[in-house]
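One structure is given below, encoded as structure tokens.
These numbers were taken from a predicted model, which means no experiment stands behind them.
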Amino acid sequence: MRISIAAPGKLKHPGAIAYADDYMKRIQRIMPVHRVPVRSPRRRHGGFDRAARSAEADNLLRSIPAGSVVCALDVEGRVFDSHSFLLWLVGLIESGTRDLVFVIGGPDGLEHHVIEASNYRVSLGPLVLPHDMAEVVLLEQIYRALTRWKGFPYHR
């Protein structure tokens with residue numbers, strides 16, 4: 001299986017970049033993973049920007065390869081503990097899923113049609129996270145699940 005993370009723009013915070021790079025390298029030793037940076041439209045200053053979110057949604061959907069299993073990160077999605085996430089991810093791997101794409105929204109969240117186009121909706125918890133932080137938390141959970149699945153020691 002190949003794992004992709006489709007997210008708007010580039011990671012900006014130096015700490016998030018460092019953590020994401022580290023987890024990507026660790027996951028890469030177990031299975032292919034890559035980030036698909038999606039063009040993020042220029043936003044107006046001050047508040048919700050419906051036009052930017054809509055353009056971002058279209059760019060996200062275009063970035064997903066045909067036939068992929070799509071998982072939207074959504075605060076209203078299914079909440080997993082680490083063990084349940086492991087079982088869910090391994091279930092996808094063992095069922096023959098070739099491409100799994102996690103979709104992360106920008107500062108204004110995901111458009112409803114992106115969520116509807118997804119096979120799964122996963123929540124990282126009830127707190128709303130900046131997309132940089134959401135990506136790092138997601139990568140950590142993927143790494144945790146894969147190391148447990150393979151019987152590798154998890155870093156302490």
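For Asp21, there are no salt bridge (Lys or Arg N to Asp or Glu O under 4.0 Å) partners at least two apart in sequence or on another chain. The salt bridge (Lys or Arg N to Asp or Glu O under 4.0 Å) check on Arg148 picks up nothing, with sequence neighbours excluded. For Pro32, the side chain to side chain contact (heavy atoms under 4.5 Å, CB included) partners two or more places apart in sequence, or in a different chain, are Arg2, Gln28. A search for side chain to side chain contact (heavy atoms under 4.5 Å, CB included) contacts involving Ala55 returns Pro41, not counting sequence neighbours. Under the side-chain hydrogen bond (donor to acceptor under 3.5 Å, both in side chains) criterion, Asp74 pairs with Arg121, not counting sequence neighbours. Annotation: side-chain hydrogen bond (donor to acceptor under 3.5 Å, both in side chains) contacts of Ser4 (sequence neighbours excluded): His34. With sequence neighbours excluded, the residues satisfying side chain to side chain contact (heavy atoms under 4.5 Å, CB included) with Lys12 are Asp132. Every residue meeting the side chain to side chain contact (heavy atoms under 4.5 Å, CB included) condition with Pro65, not counting sequence neighbours, appears here in chain and number order: Ser68, Val101. Qualifying side-chain hydrogen bond (donor to acceptor under 3.5 Å, both in side chains) partners for Glu76, counting only residues two or more places apart in sequence or in other chains: none. Shown here are the side-chain hydrogen bond (donor to acceptor under 3.5 Å, both in side chains) partners of Arg62, two or more places apart in sequence or in another chain: Asn59.
Nearest approach of Met24 to Val33, heavy atoms of both residues: O-CG1, 3.7 Å. Between Ser63 and Ala6, the shortest heavy-atom distance links the atoms OG-CB, 3.8 Å. Closest non-hydrogen pair, Cys71 versus Leu100, comes out as CB-CD1, 4.4 Å. Looking at every heavy atom in both residues, Gly9 comes nearest to Pro37 through O-CB, 3.7 Å. Summarising the geometry of Ser123 relative to Gly77, their closest heavy-atom pair is CB-O, 3.5 Å, with the distance given to 0.1 Å. Between Glu56 and Gly109, the closest heavy-atom pair is OE1-O, 4.1 Å.
Met133 CE: 12 or fewer foreign heavy atoms inside a 6.0 Å radius.
Between atom CD of residue Gln141 and atom OH of residue Tyr23 there is a gap of 9.0 Å, rounded to the nearest 0.5 Å. Interatomic distance, Tyr143 OH to Ile30 CD1, rounded to the nearest 0.5 Å: 6.0 Å.
The side-chain heavy atoms of Tyr19 and Leu139, taken from C-beta on, include no pair separated by under 4.5 Å. At least one side-chain heavy atom of His113 sits under 4.5 Å from a side-chain heavy atom of Asp58. Under the 4.5 Å side-chain criterion, counting only non-hydrogen atoms from C-beta, Leu61 is not in contact with Glu111. Between Leu138 and Val122 the shortest side-chain heavy-atom distance does not fall below 4.5 Å.
When hydrophobic clusters are built by joining Ile, Leu, Val, Met, Phe, Trp and Tyr residues whose side-chain heavy atoms come closer than 4.5 Å, directly or via intermediates, Phe152 is grouped together with Met31. One hydrophobic cluster, built from ILVMFWY side chains closer than 4.5 Å, cannot hold both Leu124 and Leu110; they sit in different ones.
The only member of Ile64, Ile115, Leu73 that meets side chain to side chain contact (heavy atoms under 4.5 Å, CB included) when paired with Val103 is Ile64.
Side-chain N or O atoms of Thr97 include none that pairs as donor or acceptor with a backbone N or O of Asp99 at under 3.5 Å.
Other residues sharing the hydrophobic cluster of Ile17, ordered by chain and number and joined by side-chain separations under 4.5 Å: Leu11.
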Under 3.5 Å, sequence neighbours excluded: what are the donor-acceptor pairs made by side chains of residues 84-94?
from, atom 1, to, atom 2, distance (Å)
Ser84, OG, Asp81, OD1, 2.9
Glu94, OE2, Trp149, NE1, 3.4

